[in-house]
There are 2 protein chains.
Amino acid sequence: MMQVHRKREAGEEQRVPKQVDYEERRLRIAEAVCALIARSGMEAVSLRDVAAEADVSMGAVQRCFRTKEDMLLFALEHISQRVSERATQRIAATSTPQSASTLLSHTLAELALLDEESRAGAHVWLAFVSHAPASERLAAVLRETYGKLHDLVVWLIRYGQDTQEIPPHLDAAQEAHTLLAVADGLTVHVLAGHQSAETASAVLQRHVDRLVQ
Amino acid sequence: MMQVHRKREAGEEQRVPKQVDYEERRLRIAEAVCALIARSGMEAVSLRDVAAEADVSMGAVQRCFRTKEDMLLFALEHISQRVSERATQRIAATSTPQSASTLLSHTLAELALLDEESRAGAHVWLAFVSHAPASERLAAVLRETYGKLHDLVVWLIRYGQDTQEIPPHLDAAQEAHTLLAVADGLTVHVLAGHQSAETASAVLQRHVDRLVQ
DNA sequence: GCGGTTATGATGCAAGTGCATCGGAAAAGA
DNA sequence: TCTTTTCCGATGCACTTGCATCATAACCGC
């Protein structure tokens with residue numbers, strides 16, 4: 001504990017400083033893991049390749065993470081957090097109150113990871129889902145994240161019901177499940193090349209539209 | 001070609017017969033691959049483990065498939081075919097004409113791989129989707145299968161429109177995309193432990209119900 | 001029967017894996 | 001300035017991987 005970051009106080013002369021920011025390094029490695037997964041799948045992730053991708057030595061990777069599984073777990077937590085964060089920010093950032101409909105569709109589009117720069121995230125996410133049965137710890141993170149996202153969508157639906165955009169007789173939890181399922185399914189379809197991102201977001205939009213009627 | 005199965009005509013005395021049914025062996029190996037993927041993920045699939053799981057020698061595996069990727073490809077084609085087959089059979093097997101609604105929900109439940117014995121299939125399918133970017137050949141199979149499934153659902157929807165169960169103004173292709181997305185999304189959710197198979201099929205059922213109104 | 005053909009399972013091999021170890025360099029304390 | 005402590009990155013190691021090779025064993029037409 002008490003991990004103070006003392007790095008780079010003085011003028012580090014072109015050499016990497018001795019004491020490095022661990023948190024930053026971890027994130028950097030997590031990004032490298034995601035890039036590798038997105039490029040060649042999860043089974044292509046080796047400590048060496050990760051180190052090379054993150055442009056650090058293998059020893060540094062091992063220092064940051066005790067085992068490979070720890071590293072993968074951190075990477076998953078990283079992108080989980082980023083996804084939830086982005087979604088909630090999208091909501092909180094709207095200074096002018098928007099309609100529940102647009103809020104919903106924007107949030108879900110965010111969650112479906114349809115835009116190009118989220119493609120990698122989609123890959124990583126799916127890779128972890130399909131790897132989950134092999135690691136209970138990964139599975140736990142996935143469950144937790146899904147739980148949070150579900151709660152978020154439920155909240156949005158209830159908000160829509162409060163503003164009378166969404167029929168009050170609908171079961172918010174059920175609708176949230178369906179919406180999340182559509183989003184995830186579209187993610188899969190885009191990733192599998194069955195749909196383009198454009199048609200996918202159109203499908204999503206239409207589904208939300210039908211909900212608000 | 002002209003691969004006649006002459007195996008096991010005489011009384012094979014406890015020793016494996018010399019000429020073996022290749023097709024059967026391939027299938028057996030494919031099953032072993034699926035079992036391994038379902039149990040421990042795709043990166044746990046090694047030729048040795050597959051051979052052990054299928055209870056054949058490693059040489060036999062190498063004889064059946066020139067490379068590991070060929071093996072995986074065959075396994076994917078195998079389960080793809082099984083999934084489509086099961087779905088179409090579900091439709092064709094109904095001697096008494098059923099309502100489009102029940103046909104749709106049954107077919108989609110089949111495609112969502114929700115029942116317990118399809119769990120492994122779901123795993124395998126998802127593993128391949130997340131592995132697809134690393135192998136164009138796998139991706140091609142996925143696209144083709146998704147295309148077929150999409151056509152199937154479109155056909156069902158049009159059928160429902162013919163029988164006036166489904167409003168004629170709906171775009172069958174679009175609805176099919178949504179339905180498939182819901183099915184796949186639910187597959188993901190069940191696999192990730194976010195939903196139980198029961199709630200998932202309830203969600204699916206409700207979605208179909210709303211379609212037919 | 002019997003050579004010829006073919007399938008078989010064991011073994012070899014180079015490359016790659018995750019992880020442990022270690023010499024030495026930088027920071028801290030005197 | 002000199003020890004001490006911390007920490008980094010390279011190397012080593014035991015193991016697994018996918019694939020190639022090979023002697024052997026079973027079937028075939030003759």
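Numbered from 1 within each chain, the chains take letters A, B, ... in sequence-line order. Below, all heavy atoms of this structure are taken into account, side chains as well, without hydrogens, waters or symmetry copies.
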Distance-only polar pair, side chains of B:Asp151 and B:Tyr146, donor-acceptor under 3.5 Å: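 No, no side-chain donor-acceptor pair sits under 3.5 Å.
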
Could one point to a donor on the side chain of A:Arg48 or the base of C:dG18 with an acceptor on the other under 3.5 Å away? yes

Of the options [options], whose atoms approach the side-chain atoms of [X] most closely?
| X | options | value |
| --- | --- | --- |
| B:Ala60 | C:dC19, D:dC19, C:dG9 | C:dG9 |
| A:Met58 | C:dT17, D:dT11, C:dT11 | D:dT11 |
| B:Gln62 | C:dA10, C:dC19, D:dG18 | C:dA10 |

Measure from [atom1] on [X] to [atom2] on [N] and round the result to the nearest Å.
| X | N | atom1 | atom2 | answer |
| --- | --- | --- | --- | --- |
| B:Asp70 | D:dG18 | CG | P | 14 Å |
| A:Lys68 | C:dG16 | NZ | P | 15 Å |
| A:Arg66 | C:dC19 | CZ | P | 9 Å |
| A:Leu72 | C:dT17 | CG | C1' | 14 Å |
| B:Glu69 | D:dC19 | CD | P | 9 Å |
| A:Arg25 | D:dC7 | CZ | P | 12 Å |
| A:Leu47 | C:dA15 | CG | C1' | 16 Å |
| B:Leu36 | D:dG18 | CG | P | 11 Å |

Does [N] have OP1 or OP2 under 4.0 Å away from a side-chain N or O of [X]?
| X | N | answer |
| --- | --- | --- |
| A:Arg63 | C:dT21 | no |
| B:Ser46 | D:dT17 | yes |
| B:Tyr22 | C:dT6 | no |

Would you classify A:Val45 as touching base, sugar-phosphate or nothing, given that sugar-phosphate means primed atoms plus P, OP1 and OP2, and contacts are heavy atoms under 4.0 Å? sugar-phosphate

Tell me if the aromatic rings of A:His177 and B:His189 count as close, with their centers under 6.0 Å from one another. no

Work out which heavy atom in [X] is nearest to a heavy atom in [Y]; give both atom names and the distance.
| X | Y | answer |
| --- | --- | --- |
| A:Ser84 | A:Thr145 | OG-CG2, 4.2 Å |
| A:Ala134 | B:Ser40 | CB-O, 3.5 Å |
| B:Ile79 | B:Gly121 | CD1-O, 4.2 Å |

